[in-house]
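In what follows, a structure is listed as structure tokens, so that the remarks can point back to it.
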There are 2 protein chains.
Amino acid sequence: MGRLEDPVSAKPTILDVARVAGVSKSTVSLVLQKNPIVSEGARSRVLAAIRQVGYVYNRNAANLRQSRSNAIGIVVNDVTNSFFAEMAVGMDMIVQSAGFVQLMAHTGESVERQAEVLSAMLEHGVSGIILSPARGTRAADLKAHMAGPVPIVLAVRDLPGLRATTVVADNRAGSHEAARHLIGLGHCRIAWLGGFPDTSVYQTRLSGLRDAMAEAGLLFEEAYAVESNASRPGGVQAMGRLLDMPGHPMACMCVNDAVAFGACDGLRGAGLEPGRDFAIVGFDDVMGARTAVPALTTVATDPEAVGRRTAQILLHRISSGDVRPETITTPARLVVRASCGEPWSAGPVAAAGAVPEMR
Amino acid sequence: MGRLEDPVSAKPTILDVARVAGVSKSTVSLVLQKNPIVSEGARSRVLAAIRQVGYVYNRNAANLRQSRSNAIGIVVNDVTNSFFAEMAVGMDMIVQSAGFVQLMAHTGESVERQAEVLSAMLEHGVSGIILSPARGTRAADLKAHMAGPVPIVLAVRDLPGLRATTVVADNRAGSHEAARHLIGLGHCRIAWLGGFPDTSVYQTRLSGLRDAMAEAGLLFEEAYAVESNASRPGGVQAMGRLLDMPGHPMACMCVNDAVAFGACDGLRGAGLEPGRDFAIVGFDDVMGARTAVPALTTVATDPEAVGRRTAQILLHRISSGDVRPETITTPARLVVRASCGEPWSAGPVAAAGAVPEMR
DNA sequence: CTGAAAGCGCTTACAG
DNA sequence: CTGAAAGCGCTTACAG
């Protein structure tokens, strides 16, 4: 049978519309731009013609002519991670309401893929880019792009050594608040689980705990800072090592929620119920613990809020031309889902071999 | 201080590159397209000039001239849902390796937003679109777009009445397999929880259960098909109603994983442990139960695989010009995470007032 | 291999 | 309000 030569296969342009409507192509263009200068009669004829010929606006041509773009690029390290997915949704809200379209791409935590994606977006002429950097991104990887004419704002992860505008969560304040919460419940010894001291999250979050304890006249014992991979298995392992220490604390803070997950697993493996027998605090940023572990008390950064804030900042840079690097902080709030005070309570705790806390 | 007049503010074009390299702009264009016809000397001078002036390729201009596009649109109903996020990642893999760039957008389950996003993508001249429809999308909402020249493939959700190519999970087969699994564990009565009979998922999935029971010489009792909203609260409610029925089954299948979540909640509320006291099967498609309820046995459709398959099909349509609507099925496999046989076991089951099963 | 020229689909002054 | 004309940054035959 073969396909017949299709006379309509060439996409209609404003010229076709103009012909059908019986006006000039300037008029069509004016109508498309909703310019009120066009007479109502001409306008409706054009609109009818557009429908009739099945015209679809070629925004790339328009952008080329106007040498501007209505697109903003969002480069996310991992859409699969609900924190970043929700953040992207927040960005979308703002970007959309500002009349831009969002081009979203994801790097899967690959630095090479990130470079490709960034170039692609730049070649496509986006007006600005929000980048949530892939793990392992070095300042040098981004330097060239940061120097270019299109504004790039970093979200969530900061890159030491890069002069860039970055929106990060207020990790120290969140951690501090969580620690005060635990102290308020009566815990005078609190452990720290997971992560490694050479990362900025570890330092910042642990410092919140340290400071809060110091302010309350308590001592943070370094022995109870248990390092591990910042993963769920890491959390299991760290909790195991903590529980092996005689007279260990019955409260801990975890470097992130993956570790908190694992710590809960480890706790249950030892016959303890998190949030009842042992106070445990996580940070909502890796696994979306929000929905998954209802009993877990967490320091939460609202991902949508981060997204909205970041997008606002990018839009501002685009319109103002401002390029001074700046670090912006979004609030982290404590979400208490299980209280676990009375750390001296007997019962399962005692059964697990823990020494009651001293007040 | 004010910003100084920036002499380099105008983005460099191939003309600037040509000037610096001392060649014609045709040559620059040839180099950019990696055309081997250019002499090595000219090529390296051009490459150097590109770096020197900070040239970035304007792909929109190129696309306009060539009247083709290197972009593919992915419209997702909810990136926040890990199933769809992973699906998008699968799509990205294929799209990328085929040399396209992916423009991803999300509709947040809003039909109006979906219409806007689709139009935007079409205006941006994408070569094809993959659409995972927003809940409540009617065939009529998409009819106009489907008739257009750019191929659109639907993913995951099919729209009855729309002549479109759709990639869906093999719900019936998955459901059938799950039912056989429960039967193999010794259950001769199985309940059905959640959803409403006027949806195609409900019908397809329930039919898998019905058929499997019939094949095993068992009777599916309609009284144990408990309708409810396909949500977590709906699941709680449906499970509650089931448990209120005297002599109810100790196994059920749930219309989706949100309901399965709720059913677990309901079970625990009644002092029963899902996967130990009561066999429960969900479908991995709404809430990403994969990670969240480790004890839940599910019928899983690999979201990445769906994404890859869908993208392949779209790419094929783009290159072949084929437009015949077609329904493609991707396999669903049973993921057993908790076995719960011996449905006549006493203990907590009896305590909850359930009558032991008869074999 | 290079240069001059036309054209992709739009917008934008500028006369009428 | 409309038409003719130039130009956005590229590609593409087509002579040289």
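A quick note: this is a predicted structure, and the numbers were derived from the prediction, not measured. Because only heavy atoms are used, hydrogens play no part in the values below, and waters and symmetry mates are left out as well, while side chains stay in. In the text below, chain A, chain B and the rest are named by the order of the sequence lines, each starting its count at 1.
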N/O (side chain, A:Thr13) to phosphate O (OP1/OP2, C:dG9) under 4.0 Å: no
Any strand: nucleotide that pairs with D:dT2 via Watson-Crick or wobble, under 3.5 Å: C:dA15
Any A:Ser24 side-chain N or O less than 4.0 Å from OP1/OP2 of D:dT2: no
Side chain of B:Val23 - closest among C:dC10, D:dT11, C:dT2: C:dT2
Distance below 4.0 Å between A:Ser39 side-chain N/O and D:dC1 OP1 or OP2: yes
Sugar-phosphate, base or nothing in reach of B:Thr27, heavy atoms under 4.0 Å: sugar-phosphate
Per B:Lys25 side chain, nearest of listed nucleotides C:dT2, C:dC10, C:dA5: C:dA5
Greater than 12 external heavy atoms within 6.0 Å of A:Arg309's CZ: no
B:Gln66 side chain, from C-beta outward: closest of D:dA5, D:dG9, D:dT11: D:dT11
Under-4.0 Å side-chain N/O to phosphate OP1/OP2 contact, A:Ser67 with D:dC8: no
Which nucleotide in D:dT11, D:dA13, C:dT11 has an atom nearest any side-chain atom of B:Ser26: D:dA13
Check ion pair B:Arg308-B:Glu86 (N to O, under 4.0 angstrom): no
From D:dC8, C:dT12, C:dT2, nucleotide with atom closest to B:Ala42 side chain: C:dT2
Closest non-hydrogen atom pair between B:Met87 and B:Ser132, with its separation: CE-CB, 3.9 Å
Out of D:dA13, D:dC10, C:dG9, whichever nucleotide has its closest atom nearest the side chain of A:Arg65: C:dG9
Residue A:Leu30, side-chain heavy atoms: nucleotide from D:dG9, D:dT2, D:dT11 that is nearest: D:dT2
N/O (side chain, A:Gln33) to phosphate O (OP1/OP2, C:dC10) under 4.0 Å: no
Nucleotide nearest A:Ile37 (side chain, heavy atoms from C-beta), chosen from D:dC8, C:dA4, D:dC1: D:dC1
